[in-house]
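Computed over heavy atoms, backbone and side chain alike; hydrogens, waters and symmetry mates excluded. Letters go in sequence order (proteins before strands), and every chain restarts at 1.
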Number of protein chains: 2
Amino acid sequence: MQRPFVHPAVDDVSLESVLYALADPVRLEIIKRIAGGTCAMNCSTAAPADLPKSTQSHHFQVLREAGLIRSERRGTEVVSVLRCTELEKRFPGVIGSILKASDKAKKKI
Amino acid sequence: MQRPFVHPAVDDVSLESVLYALADPVRLEIIKRIAGGTCAMNCSTAAPADLPKSTQSHHFQVLREAGLIRSERRGTEVVSVLRCTELEKRFPGVIGSILKASDKAKKKI
DNA sequence: TCAGTAGTTCAATAAAACCGAACTATTGAT
DNA sequence: ATCAATAGTTCGGTTTTATTGAACTACTGA
């Protein structure tokens, strides 16, 4: 049987794990897409297309266990949402400034 | 001869490398000490005391190459300062909110 | 010049990431 | 109900990265 998704309580989310999760270019891109889009994304849509499925799955697991996203199965696919409100409460300004900075950095290139 | 310290130009500093550098508990602690203290620290003072010298040195190298600190030899020791102004300009709010969040997280425990 | 202190570099080991292949879960068609 | 297709997970082996003891470099002060 497949294990159900595990989401840490917001108070158990550590700043280090959040930063670690966002430090990877692929994962930062995923978070940007989830945050910027309809606010709910399946894995294949949110991750770069050329990335192997197992690697995609690994990255979503890291984001989930870091407390950044909440995932839920909907039919054959898994939909993930950013835990923005909770995270903003726990680490004010952190996610927002990072997302803003990543946009700006992208424009520069 | 020992190589001189290399510091990236502020425009070459990537958000990912900054987040990566700060994602490690030891390095985050170092940055907090450098930021909170007299604003200039040698390695032994800024790093946890029980950490092997080679590991300390490695962590300072990561912070340096990520663009977070500027290091300079002063006699036998190396003094490092946070590149706060430059970083604030490039990634507004990022370092500040992370430092603030890390203080709060510490108090909770 | 010599001893002591502060940090770096090297090389070997330990830990983590990556990805192909096999597996699970769900849906929709026959 | 069964079968094929889709979406994602898990496993295991390989590659990459981190850690650290030991040797080395740089500087200071006696």
- Message: Between A/H58 and B/T55, which residue's closest nucleotide on DNA chain C lies nearer the 5′ terminus?
- Response: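 First, find each residue's nearest nucleotide; the 5'-ward one identifies B/T55.
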- Task: With DNA chain C as reference, determine whether A/D24 or A/G75 sits nearer its 5' end, using the nearest nucleotide of each.
- Result: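 Final value for this comparison: A/D24.
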Whole angstrom is fine here: how far is it from [atom1] in [X] over to [atom2] in [N]?
X	N	atom1	atom2	value
B/R74	D/dT28	CZ	P	13 Å
A/K53	D/dC11	NZ	C1'	14 Å
B/R73	D/dC27	CZ	P	6 Å
B/Q61	C/dC10	CD	P	11 Å
B/Q56	D/dG21	CD	C1'	14 Å
B/H59	C/dT8	NE2	P	13 Å
B/R64	C/dG7	CZ	C1'	10 Å
B/F60	C/dT8	CZ	C1'	13 Å

- Report yes if a donor N or O on one partner sits less than 3.5 Å from an acceptor N or O on the other, where the partners are the side chain of A/S57 and the base of D/dG8; otherwise report no. no
- Go through the structure and list residues passing side chain to side chain donor-acceptor pair (under 3.5 Å) with A/E86, not counting sequence neighbours.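 Testing A/E86 for side chain to side chain donor-acceptor pair (under 3.5 Å), a comparison that skips the adjacent residues, returns A/R70, A/R83.
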- Item | For A/H58, all residues meeting side chain to side chain contact (heavy atoms under 4.5 Å, CB included), sequence neighbours excluded |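 For A/H58 the side chain to side chain contact (heavy atoms under 4.5 Å, CB included) partners, ignoring immediate neighbours, are A/R27, A/V62.
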- Looking at CD1 of A/I30 and CG of A/D24, how far apart are the two atoms once the value is rounded to the nearest 0.5 Å?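 Rounded to the nearest 0.5 Å, the CD1-CG separation comes out at 8.0 Å.
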- Task: Look at B/R33 together with B/E29 and state whether they make a salt bridge at an N to O cut-off of under 4.0 Å.
- Result: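 A salt bridge links B/R33 with B/E29.
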- Task: For the side chain of A/T76, starting at C-beta, report the closest nucleotide among C/dT26, D/dT19, C/dG7.
- Result: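 So the nucleotide nearest the side chain must be C/dT26.
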